[in-house]
Amino acid sequence: MKFDVAELVEAKRQIDSTLHKLRQTVKTFEAKENADRYKSQITLAKRRIQAFELSVVLIEREINEAEKKI
């Protein structure tokens with residue numbers, strides 16, 4: 001599939017927003033009195049953060065490649 005630069009930039013913006021929310025979620029769970037109770041939620045959120053960070057890198061690579069062709 002081919003995406004134009006505007007679509008890639010918007011996707012990156014949305015992922016960055018989600019990353020921010022996930023990072024806040026992790027901080028909130030880790031700050032709770034009994035953080036061990038939320039271990040699975042923390043693990044899930046951290047894995048999602050890693051996946052989204054990888055997505056951002058790939059999207060940025062695509063944006064850079066598309067801009068080189070312009």
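Just so we're clear, the structure is a prediction, and the values are computed from it rather than from any experiment. All values below were derived from every heavy atom in this structure, side-chain atoms included, with hydrogens, water molecules and symmetry-related copies excluded.
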First locate atom [atom1] of [X], then atom [atom2] of [Y], and finally report the distance between them rounded to the nearest 0.5 Å.
X: Phe29; Y: Gln24; atom1: CZ; atom2: CD; result: 12.5 Å
X: Thr28; Y: Arg23; atom1: OG1; atom2: CZ; result: 14.0 Å
X: Leu22; Y: Lys46; atom1: CG; atom2: NZ; result: 12.5 Å
X: Glu33; Y: Tyr38; atom1: CD; atom2: OH; result: 9.5 Å

* Are the side chain of Gln14 and the backbone N or O of Ala11 linked by a donor-acceptor pair below 3.5 Å? ->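 Side chain of Gln14 to backbone of Ala11: no pair is present.
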* Asked: So, Glu30 and Lys39, do they make that salt bridge, N to O below 4.0 Å?
  ->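 A salt bridge is absent here (no side-chain N lies under 4.0 Å from a carboxylate O).
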* To do: Compare every heavy atom of Leu19 with every heavy atom of Ile49, then report the nearest pair and how far apart it is.
  =>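 Minimum heavy-atom contact is O-CD2, 3.6 Å.
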Validation: residues 55-70 side-chain donor-acceptor distances under 3.5 Å, sequence neighbours left out:
residue : atom : partner : partner atom : Å
Ser55   : OG   : Ala51   : O            : 3.0
Asn64   : ND2  : Glu60   : O            : 3.3

* Same hydrophobic cluster for Leu44 and Ile15, using side-chain heavy-atom links shorter than 4.5 Å among ILVMFWY? ->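 Looking at the clustering, Ile15 is in a separate group from Leu44.
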* Does one hydrophobic cluster hold both Met1 and Leu54, with members joined at side-chain heavy-atom distances below 4.5 Å? ->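 Result: no, two separate clusters.
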* Partners meeting side chain to side chain contact (heavy atoms under 4.5 Å, CB included) with Arg37 (sequence neighbours left out) ->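 If we apply the side chain to side chain contact (heavy atoms under 4.5 Å, CB included) test to Arg37, skipping adjacent residues, the hits are Asn34.
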